[in-house]
Student: 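Would you mind keeping the following structure in view while I ask a few things?
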Amino acid sequence: MLGLAGGPARLFPDCHQCSRGSRNTSARVKVAALDRRQVLGIMSHSALASGLHGNSSNGATATSDRSGDSQEYPTIEAEVGNTPLVRLQRLPGRTSNVILAKLEGDNPAGSVKDRPAISMISEAEKDGSLKPGDTLIEATSGNTGIALAMAAAIKGYSLKLIMPSNMSEERRAAMAAYGAELISVPAGKMEMARDLAREMESRGEGVVLDQFGNSSNPLAHYRGTGPEIWQQTGGRVTHFVSSMGTTGTIMGTSRFLKEKNADVQIVGLQPADGASIAGIRKWPKEYLPSIFDKRRVDRVMEISQREAEETMRSLARVEGIFAGVSSGGAISAALRLSDEVENATIVAIVCDRGDRYLSTGVFSEAAAAKDPQPCTVEEFPSAKRRLPFFPAPHLVLFRASDDPATGESWCPDVRRTLPAVEAAVAEAGGTLLQVLVGDRPTWKSPDHPFRTDMRLHIGGVPTLLHWTSDGAGARLGSELERAPTTEAAKQLVSGFIRSLPMPQSRLAAANAR
């Protein structure tokens, strides 16, 4: 992290600086007498002292000018970085892997973008491309805008932010609160926002930092995020998962981790077709960020809007981690990876907090009531990890996908039995997860993953499985497929559900009666 000389080490005498200037997170353990609330209290005190007495030259500490008082206090800038890395306790299920979430929402302005915002301004000041009195201009989908608004307020610059009109009200309000001027372009038009920023710069209206092409963006993660993860995992990290928007996070962190261990796998996320997830982009070739180097990414996963939002809601309800949609996507990818590997340490970036998405309705009861929604083959590994936290019994129906032309399944057996399965599970008060196996050619392929997965043994559709803590349990396969009518299928499924072991919670309630 930039500009920390002297601050944290003097506040915490036992704190050892990492070789690249980042504060050592082990200091949090060594100074157990100071919990986070006390540190925040000190931070608030320092902000007051800064306002009364002025900032020090490096922007990270403020020194009282009272006679005989040489104590230095950290400023808000010094609190960027050193975010917690926490283990997911419930969503991963029974596994030999460790899934860790890097909570970037703990940064002062609430996201991972605090790091490059401070870095880009500080480096521009050093090389003389940014001077006192300049106006900053930036195109943003939200988090970078908030972070830059904070950084501009700290440094004393005016800021103009250009963003698509569909960004959440909380994001806009946060930027305005820091004093930024907001300029809107049509919904989803980030390319237009970037073009307008350059036009404004050419007219002499300000300086574009250009998060998409500014090397100080990945530099912040090379100096901060990467070293923190390496230290916090004791060098045991095997996989790193990050959304890809500007790609600064994944570029800088990948560079550092690969220098430490070339075998660390770097996994980037892109939106699936039709998805519109703030912070995850699939750029046209002409707008691909110039800081992006595909050689630094070992694998790219596509994440749907639905999967990201469902996992985001599960993070809050199951793990107590209140995060945004792209963070849900990152954890989804980590859960998918966990289904493929053993004895791995998987680190995923949780890039911001959920409170800046409340007005969009993604956390509403109405949205949650639709979960779990039908998932694809690729999404099943994460969907099955979320399933146990819905009402039991838990049933999984493997069925043929819908025909885009008709909106109905291409398989007549599925069309006949699906209403019966849905009704029987609803009457039992349980939860049904539908897994779409693909179109007819995809499903008929002998290489289909469900045909070759020895844990599932799915030979035909529809197949209904009872899902237990150990995975696939009792099943209805060919019997369900042969049911002549919807009513006959419902009777079959209802009898199947009654034969299942009663969930412990219901068994206890029955015994109490």
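The structure presented is a predicted model; accordingly, all values stated were derived computationally and were not measured. What's counted below: heavy atoms across the whole structure, side chains too, no hydrogens, waters or symmetry copies.
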Student: I'd like to know if the side chain of Ser96 reaches the main chain of Asn343, judged simply by a donor and an acceptor atom lying under 3.5 Å from each other, with no hydrogens or angles considered.
Tutor: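 Such a contact is found between Ser96 side chain and Asn343 backbone.
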Student: May I have the step-by-step check of side-chain contact (heavy atoms from CB on, under 4.5 Å) for Ile321 and Leu103, ending in yes or no?
Tutor: CA-CA 9 Å; Ile321 297 174; Leu103 303 184; 4.0 Å; yes
Student: Check whether any side-chain heavy atom of His394 sits under 4.5 Å from a side-chain heavy atom of Leu433, and report yes or no.
Tutor: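 With C-beta onward as the side chain, the pair stays apart.
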Student: If you look at every heavy atom in Asn143 and Thr140, which pair is closest and at what distance?
Tutor: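 Minimum heavy-atom contact is N-OG1, 4.2 Å.
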Student: Less than 4.0 angstrom from a charged side-chain N to a carboxylate O is my criterion; do Arg115 and Glu228 meet it?
Tutor: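 Salt bridge: yes.
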Student: Between Asp371 and Arg317, is there a salt bridge with N-O shorter than 4.0 Å?
Tutor: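 Looking at Asp371 together with Arg317, the answer is no, because their closest N to O distance does not fall below 4.0 Å.
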Student: Yes or no on side chain to side chain donor-acceptor pair (under 3.5 Å) for Thr83 and Asp106, after CA distance, side-chain angles and deciding distance?
Tutor: CA-CA 6 Å; Thr83 53; Asp106 272 30; over 6 Å; no
Student: Can you name the closest pair of heavy atoms from Gly213 and Ile291 and give their distance?
Tutor: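 So the two residues come closest at C-CG2, 3.6 Å.
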Student: May I have the list of side-chain donor-acceptor pairs in residues 265-279 shorter than 3.5 Å, sequence neighbours left out?
Tutor:
unit_1, atom_1, unit_2, atom_2, d
Gln265, NE2, Asp263, O, 3.4

Student: Does any non-hydrogen side-chain atom of Gln434 lie less than 4.5 Å from one of Phe398?
Tutor: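 The answer is no; the side chains never approach within 4.5 Å.
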Student: Of all heavy-atom pairs between Pro164 and Arg172, which one has the smallest distance, and what is that distance?
Tutor: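 Taking Pro164 first and Arg172 second, the nearest heavy atoms are O-NH2, 3.0 Å.
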Student: So, applying salt bridge (charged side-chain N to carboxylate O under 4.0 Å, His left out) with Arg386, which one of Glu310, Glu309, Glu319 is it?
Tutor: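 For Arg386, the salt bridge (charged side-chain N to carboxylate O under 4.0 Å, His left out) check succeeds only for Glu310.
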Student: Could you tell me whether the side chain of Glu170 and the main chain of Ser359 form a donor-acceptor pair under 3.5 Å?
Tutor: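 Such a contact is found between Glu170 side chain and Ser359 backbone.
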Student: Below 4.0 angstrom, N of the basic side chain to O of the carboxylate: do Arg336 and Glu340 qualify?
Tutor: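 A salt bridge is absent here (no side-chain N lies under 4.0 Å from a carboxylate O).
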Student: Between Thr468 and Asp470, does the side chain to side chain donor-acceptor pair (under 3.5 Å) criterion hold? Intermediate values first, please.
Tutor: CA-CA 5 Å; Thr468 73; Asp470 295 318; 4.7 Å; no
Student: Look only at the side chain of Ser338 and the backbone of Ala334, and say whether a donor-acceptor pair between them is shorter than 3.5 Å.
Tutor: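 A pair under 3.5 Å: no.
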Student: Taking the six-membered ring for Trp, are the ring centroids of Phe212 and Trp283 within less than 6.0 Å of each other?
Tutor: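 Yes; Trp283 has its ring centre under 6.0 Å from that of Phe212.
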Student: Is NZ or CZ of Arg236 both nearer than 6.0 Å to the six-membered ring centre of Trp230 and within 45° of the ring axis?
Tutor: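 Verdict for Trp230: no cation-pi partner in Arg236.
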Student: For Met150 and Ala109, work out which heavy atoms get closest and say how close.
Tutor: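 Between these two residues, the closest heavy atoms are SD-CB, 3.6 Å.
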Student: Could you tell me the separation between the CG atom of Leu456 and the NZ atom of Lys384, rounded to the nearest 0.5 Å?
Tutor: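 Reported to 0.5 Å precision, the distance equals 6.5 Å.
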Student: Has the side chain of Asp352 got a donor or acceptor atom that lies under 3.5 Å from a matching backbone atom of Gly110?
Tutor: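 Not at all, since once roles are kept as given, no pair shorter than 3.5 Å links the two residues.
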Student: For the residue pair Lys102 and Ile229, establish whether any side-chain heavy-atom pair is separated by less than 4.5 Å.
Tutor: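 Yes, their side chains come closer than 4.5 Å.
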Student: Please test Ile346 against Val98 for side-chain contact (heavy atoms from CB on, under 4.5 Å), starting from the C-alpha separation and ending with a verdict.
Tutor: CA-CA 6 Å; Ile346 303 168; Val98 175; over 6 Å; no
Student: How many angstroms lie between OG1 in Thr225 and CD in Gln232, if you round to the nearest 0.5 Å?
Tutor: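 Here the interatomic distance stands at 10.0 Å.
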Student: Distance from Tyr157 atom OH to Leu136 atom CG, nearest 0.5 Å?
Tutor: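 Between atom OH of Tyr157 and atom CG of Leu136 there are 7.0 Å.
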Student: Of all the heavy-atom pairs spanning His466 and Leu395, show the shortest one and how long it is.
Tutor: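 Of all heavy-atom pairs spanning His466 and Leu395, the closest is CA-CD1, 3.9 Å.
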Student: Begin with the C-alpha distance, continue with both residues' side-chain angles, and end with the deciding distance and a verdict on side-chain contact (heavy atoms from CB on, under 4.5 Å) for Thr249 and Ile349.
Tutor: CA-CA 9 Å; Thr249 302; Ile349 292 289; 4.2 Å; yes
Student: For Ser111, is there any backbone N or O sitting under 3.5 Å from a side-chain donor or acceptor partner on Asn107?
Tutor: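 The answer is yes, because a donor-acceptor pair under 3.5 Å joins these two groups.
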Student: Heavy-atom distance under 4.5 Å between the side chains of Leu337 and Arg299, does that happen here?
Tutor: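 Side chain of Leu337 against side chain of Arg299, heavy atoms only: contact under 4.5 Å found.
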Student: Considering only heavy atoms from C-beta outward, does the side chain of Ile458 approach that of Asp453 to under 4.5 Å?
Tutor: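 Side-chain contact under 4.5 Å: no.
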Student: Does this structure show an ion pair linking Glu123 with Arg223, if we count only N-O contacts that are shorter than 4.0 Å?
Tutor: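 Salt bridge: yes.
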Student: With heavy-atom distances below 4.5 Å as the criterion, would you say the side chains of Ile99 and Arg87 are in contact?
Tutor: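 No, too far: nothing below the 4.5 Å cut-off.
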Student: Atom CZ of Phe380 and atom CD of Glu378: how far apart are they, to the nearest 0.5 Å?
Tutor: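 If I round to the nearest 0.5 Å, the distance is 12.5 Å.
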Student: Any side-chain to backbone donor/acceptor pair from Ser165 onto Ala187? Under 3.5 Å, distance only.
Tutor: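 It does hold such a pair.
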Student: Would you confirm whether Arg296, through its side chain, and Ser254, through its main-chain N or O, come within 3.5 Å as a donor-acceptor pair?
Tutor: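 Side chain of Arg296 to backbone of Ser254, a donor-acceptor pair under 3.5 Å: no, none is there.
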Student: Working to the nearest 0.5 Å, report the span between CZ of Phe256 and NZ of Lys258.
Tutor: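 Going from the CZ atom of Phe256 to the NZ atom of Lys258 covers 14.0 Å.
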Student: Measure the spacing between NZ of Lys282 and CD of Glu302 and express it to the nearest 0.5 Å.
Tutor: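 Atom-to-atom, Lys282:NZ and Glu302:CD are 3.5 Å apart.
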Student: Do Tyr357 and Phe322 have ring centroids that are under 6.0 Å from one another?
Tutor: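 Not close enough - the centres of the two rings lie 6.0 Å or further apart.
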Student: Less than 4.5 Å apart, any side-chain heavy atom of Met190 and any of Met163?
Tutor: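 No - every pair of side-chain heavy atoms lies 4.5 Å or more apart.
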Student: Test side-chain contact (heavy atoms from CB on, under 4.5 Å) on Tyr222 and Met251; report intermediate values, then the result.
Tutor: CA-CA 8 Å; Tyr222 179 76; Met251 289 294 99; over 6 Å; no
Student: May I ask you to say whether Glu138 pairs ionically with Arg194, meaning some side-chain N is under 4.0 Å from a carboxylate O?
Tutor: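 Between Arg194 and Glu138 there is no salt bridge, as every charged N stays at least 4.0 Å from the carboxylate O atoms.
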Student: Given side chain to side chain donor-acceptor pair (under 3.5 Å), test Gln211 with Thr246 step by step and report yes or no.
Tutor: CA-CA 7 Å; Gln211 57 179 318; Thr246 70; 4.6 Å; no
Student: Could you check whether any side-chain N or O of Asn97 sits under 3.5 Å from a backbone N or O of Ala344, counting only pairs where one atom can act as donor and the other as acceptor?
Tutor: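 Yes, because the side chain of Asn97 sits within donor-acceptor range (under 3.5 Å) of the backbone of Ala344.
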Student: Can you check whether Gly324's main-chain N or O pairs, donor with acceptor, with Arg353's side chain at less than 3.5 Å?
Tutor: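 Here the side-chain-to-backbone pair does not exist.
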Student: Could you tell me whether the side chain of Val297 reaches within less than 4.5 Å of the side chain of Met244, counting heavy atoms only?
Tutor: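 A side-chain contact exists here, since the closest heavy-atom pair is under 4.5 Å.
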Student: Which atom pair, heavy atoms only, marks the closest approach of Thr311 to Ser332?
Tutor: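 In this case the closest contact between Thr311 and Ser332 is OG1-OG, 2.6 Å.
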Student: Please check if the side chain of Thr452 supplies one atom and the backbone of Pro449 the other of a donor-acceptor pair under 3.5 Å.
Tutor: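 Checking the backbone N and O of Pro449 against the side chain of Thr452, a donor-acceptor pair under 3.5 Å is found.
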